[in-house]
4 protein chains.
Amino acid sequence: MFPGAAPNGSRPHLWRLCGPCSRQQRLDAALRIYARAGVGDLALNTLAEEAGVSNGTVYNYFRSREKVLEAVGLELAVQLSEQILTVSGAVDSGAERLSIAVRTFMNKARTDPDWTRALITVVRYAEGMRSTLATYLRADLQAGRRQGDFHYAHEEMAMSMEISATLGAMNLLVEDGEVEHADSIAAEMVLQALGGAVGEG
Amino acid sequence: MFPGAAPNGSRPHLWRLCGPCSRQQRLDAALRIYARAGVGDLALNTLAEEAGVSNGTVYNYFRSREKVLEAVGLELAVQLSEQILTVSGAVDSGAERLSIAVRTFMNKARTDPDWTRALITVVRYAEGMRSTLATYLRADLQAGRRQGDFHYAHEEMAMSMEISATLGAMNLLVEDGEVEHADSIAAEMVLQALGGAVGEG
Amino acid sequence: MFPGAAPNGSRPHLWRLCGPCSRQQRLDAALRIYARAGVGDLALNTLAEEAGVSNGTVYNYFRSREKVLEAVGLELAVQLSEQILTVSGAVDSGAERLSIAVRTFMNKARTDPDWTRALITVVRYAEGMRSTLATYLRADLQAGRRQGDFHYAHEEMAMSMEISATLGAMNLLVEDGEVEHADSIAAEMVLQALGGAVGEG
Amino acid sequence: MFPGAAPNGSRPHLWRLCGPCSRQQRLDAALRIYARAGVGDLALNTLAEEAGVSNGTVYNYFRSREKVLEAVGLELAVQLSEQILTVSGAVDSGAERLSIAVRTFMNKARTDPDWTRALITVVRYAEGMRSTLATYLRADLQAGRRQGDFHYAHEEMAMSMEISATLGAMNLLVEDGEVEHADSIAAEMVLQALGGAVGEG
DNA sequence: TATGAATGAGAGTTCATTCAT
DNA sequence: TATGAATGAACTCTCATTCAT
């Protein structure tokens, strides 16, 4: 059995979230935790049930409910970063990388509403997750500016607005249903907001 | 104190939120209700205390907690609309009207963090309030497009992103402190996102 | 206008229950109070509304909720006594008078379920009403015994059981629907319980 | 005391009411729950206190207040059935079995007023318990009729009246105090009501 | 280490009761 | 005298948290 695998067959283990196991393995649990749980139903009993562990077990790994949410948020952030890097890793243009990121998010919102609701919920509750998202964004913004594509006046404001706008667009997709070419539209608006040309990416 | 006794000095009147009294009167109560209440603390006990009434009194006016939030949200929406119309009422340019609106919001966020936290909280909980905000925004977007200033591809997405971005900017201001010229910066980004020139308004 | 009439047209007045007005007039209010009110819904707000007065007004006449129930119970008792006396007033046989009483109650249960539910509810809540009912019953029991028709061993037990049995029969009628000749059946069982022959009444 | 701490001496176990444990064990808890609780005081806080558990614990076993009452009622019904069967199990005569049952109830009312008040209270609130009682009664009625001892005209009415009358007699005993030979007197009236001879049993 | 019964503070809601008008 | 807004204690129910096993 490879290291980190669930010990006895189908029993999922919450420790995938915190133990010393591979990043790929953490994805499963984090996703499963929120995949079927309705937005706003953040009760730890429900969460524990989804994770396939007893409620008491949660407290062997997290000191409080808040810490659990943080961890789940982090997990979601890690997932998204990997998805983005997979696509934009080799791209040099900051603007293009940002465009790719936004479109990746939008497509995720279209194909995986549960994941998206989980993300939105967690961002609202655990404000700290914004910084995690910001970390990825900041590099692209700075690269885009260096390359002459972006002309924003205040980096923090730019990041905050870009993240909020993208989440808003995702929310619209999830709650109000399909929008044709939503990914390109969102990416275009986001780039324009930064004073950049329309991304071709 | 025995049940039923009302302090006969400063009779608080929750009905300002629902009765047929002047709009100005309603402002006071709505504001007072959330003014000092911490963000996210929507417990009716707290709310009642802030409003200066007993918890049971709330139920003389609203059938449930949800109805209270609706009313508070509506009240905040009314307030903001008035503030905006006061400034941009005579302006014809949609782009300029939008610019004024964004800057008005941003200034409000700077000068009245409590009000702003209340707005953000309510928007999160009572998703319906987005539509109220959207009502004001839609007219400006359409005017701006007719006048050739805006070139957005999808109205709903545009509205959703603009609202989210503005709220995100307000949130930054409130949580992370002062930003020089935050109002102009936010307005500029919002307008650029719509494919418009920088508002001079 | 005849004395005791409601002063201004349709305004029903709770004081009919306690004021110095005729017995006939009291009937109306007591009945109306419980007629449409669901069993067990004894909230004073509801009751006041049914009576057509404000909730505060109730306390001008009754010191507490319990006193109100007592009064309503008394009113119902008065009604039933009148109904019974109307029919059995000229009858000398205690057994026959009891038979008439039971059948009158049973017919009331068949034709007026609301009234009956009100009676049952009130008897449960205001135990004191049992004594009111007992007053009417006792005379019949004693007469029947003098006349050699009844042979009960303990008067209080006999009264308690007769009242409970009759109310039980009424309850069955009201909750489980029609029973053929329910009135005669009930009367027969009640008389037999007292060691009496079947009432012919 | 900090949350979650259970006194480690006398661990109270509410699951005696619902778990798969022996009938004898269930008796204890059900009795303890209502033993000292005043009639009509059905507040779950009180009930929990009587059961020796915290109020939240009740909801680990019952979904709602109503379910608790149902379970308590069922428990009481089980108790009484066992008491009756112990005495009348070997008796063939329906009339005699009924007589035994009534006298058993009456003696219970005399020696255990708390249990009796609990029974009366529960029957009033959870009407469904009447059917449980009826189940035991029906067999005796039918046997008595087959054996020529009973001559009732309508089984449902007979059952309803017998149950009500017996409960009425029990209530008298509990509320108004001692009555000499109450058990025999009640049994005699009940049997007579069914057209039967006086039970000798 | 994993469990889950037990906990109890606190939430939303109801309603008998009071008193200024 | 009639009103009804205001009260607040009490109730049902939820859930984050603890600890004996």
Side-chain angles (χ1 to χ4, degrees), chain A residues 7 11 13-15 19 41-49 52-68, chain B residues 1-8 11-15 19 41-48 52-68, chain C residues 7 11 13-15 41-49 52-68, chain D residues 1-8 11-15 19 41-48 52-66 68:
Chain A
R11 278 270 291 295
H13 279 273
L14 194 65
W15 45 257
D41 191 354
L42 294 162
L44 280 204
N45 279 336
T46 304
L47 194 149
E49 195 181 341
V53 298
S54 135
N55 66 20
T57 303
V58 174
Y59 286 87
N60 290 329
Y61 296 104
F62 305 99
R63 199 177 292 180
S64 70
R65 182 177 177 275
E66 201 174 351
K67 293 292 180 190
V68 176
Chain B
M1 196 187 296
F2 44 76
N8 52 7
R11 275 273 290 294
H13 279 281
L14 197 63
W15 49 255
D41 192 353
L42 292 162
L44 281 205
N45 280 335
T46 304
L47 192 151
V53 297
S54 150
N55 84 40
T57 301
V58 174
Y59 288 88
N60 290 333
Y61 297 103
F62 305 98
R63 205 173 291 176
S64 69
R65 180 178 179 277
E66 202 174 350
K67 294 292 179 190
V68 176
Chain C
R11 276 272 291 295
H13 279 274
L14 195 64
W15 45 257
D41 192 354
L42 293 162
L44 280 204
N45 279 336
T46 305
L47 195 150
E49 195 182 341
V53 298
S54 136
N55 67 20
T57 302
V58 174
Y59 286 87
N60 290 330
Y61 297 105
F62 306 98
R63 199 177 293 178
S64 70
R65 183 177 177 275
E66 201 174 350
K67 294 291 179 190
V68 176
Chain D
M1 199 186 295
F2 44 76
N8 51 8
R11 274 272 290 293
H13 278 281
L14 198 62
W15 48 255
D41 192 353
L42 292 162
L44 281 204
N45 279 336
T46 304
L47 193 151
V53 298
S54 150
N55 87 42
T57 302
V58 175
Y59 287 89
N60 290 333
Y61 297 102
F62 305 97
R63 205 173 291 176
S64 70
R65 181 179 178 274
E66 201 175 351
V68 177

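None of these values were measured; they are calculated from a predicted model. Chain identifiers are assigned alphabetically (A, B, ...) following the order of the sequence lines, protein sequences preceding nucleic acid strands; residue numbering begins at 1 within each chain.
In this structure, C/Arg63 atom CZ and E/dC19 atom P are separated by 14 Å, rounded to whole Å. Whole-Å rounding puts the B/Tyr61 OH to E/dC15 P distance at 19 Å. In this structure, CG of A/Asn45 is placed 18 Å from P of F/dC13, rounded to the nearest angstrom. Between the NZ atom of C/Lys67 and the P atom of E/dA16 there is a distance of 17 Å, given to the nearest Å.
At a cut-off of 3.5 angstrom, the base of F/dA6 holds at least one donor-acceptor pair with the side chain of B/Asn60.
Considering CG of A/Leu44 and CG of A/Asn55, their distance stands at 8.5 Å, rounded to 0.5 Å.
The two residues D/Val58 and D/Ala48 make their nearest non-hydrogen contact at CG2-CB, 3.8 Å.
Side-chain atoms of A/Tyr61 and A/Thr57, non-hydrogen and from C-beta on, do get closer than 4.5 Å to each other.
Of all nucleotides listed (F/dA9, F/dT12, E/dA9), E/dA9 comes nearest to the side chain of D/Asn55. Set against E/dT17, E/dA6, F/dC13, the side chain of D/Arg65 has F/dC13 as its closest nucleotide. The nucleotide whose nearest atom lies closest to any side-chain atom of B/Leu44 is, among E/dG12, F/dA16, F/dA6, E/dG12.
Where DNA chain F pairs in unbroken runs of 3 or more (Watson-Crick or G-U, both distances under 3.5 Å), the stems are E:2-21 with F:2-21.
In this model, the phosphate group of E/dT14 is not approached by any side-chain N or O of B/Tyr59 to a distance below 4.0 Å at OP1 or OP2. Not one side-chain nitrogen or oxygen of B/Thr57 sits closer than 4.0 Å to the OP1 or OP2 atom of F/dA5.
Looking at residues two or more places apart in sequence or on another chain, you find a side chain to side chain contact (heavy atoms under 4.5 Å, CB included) between B/Ser64 and B/Glu66, B/Lys67.
Mapping D/Gly56 and B/Ser54 onto DNA chain F by nearest heavy atom places B/Ser54 at the nucleotide closer to the 5' end.
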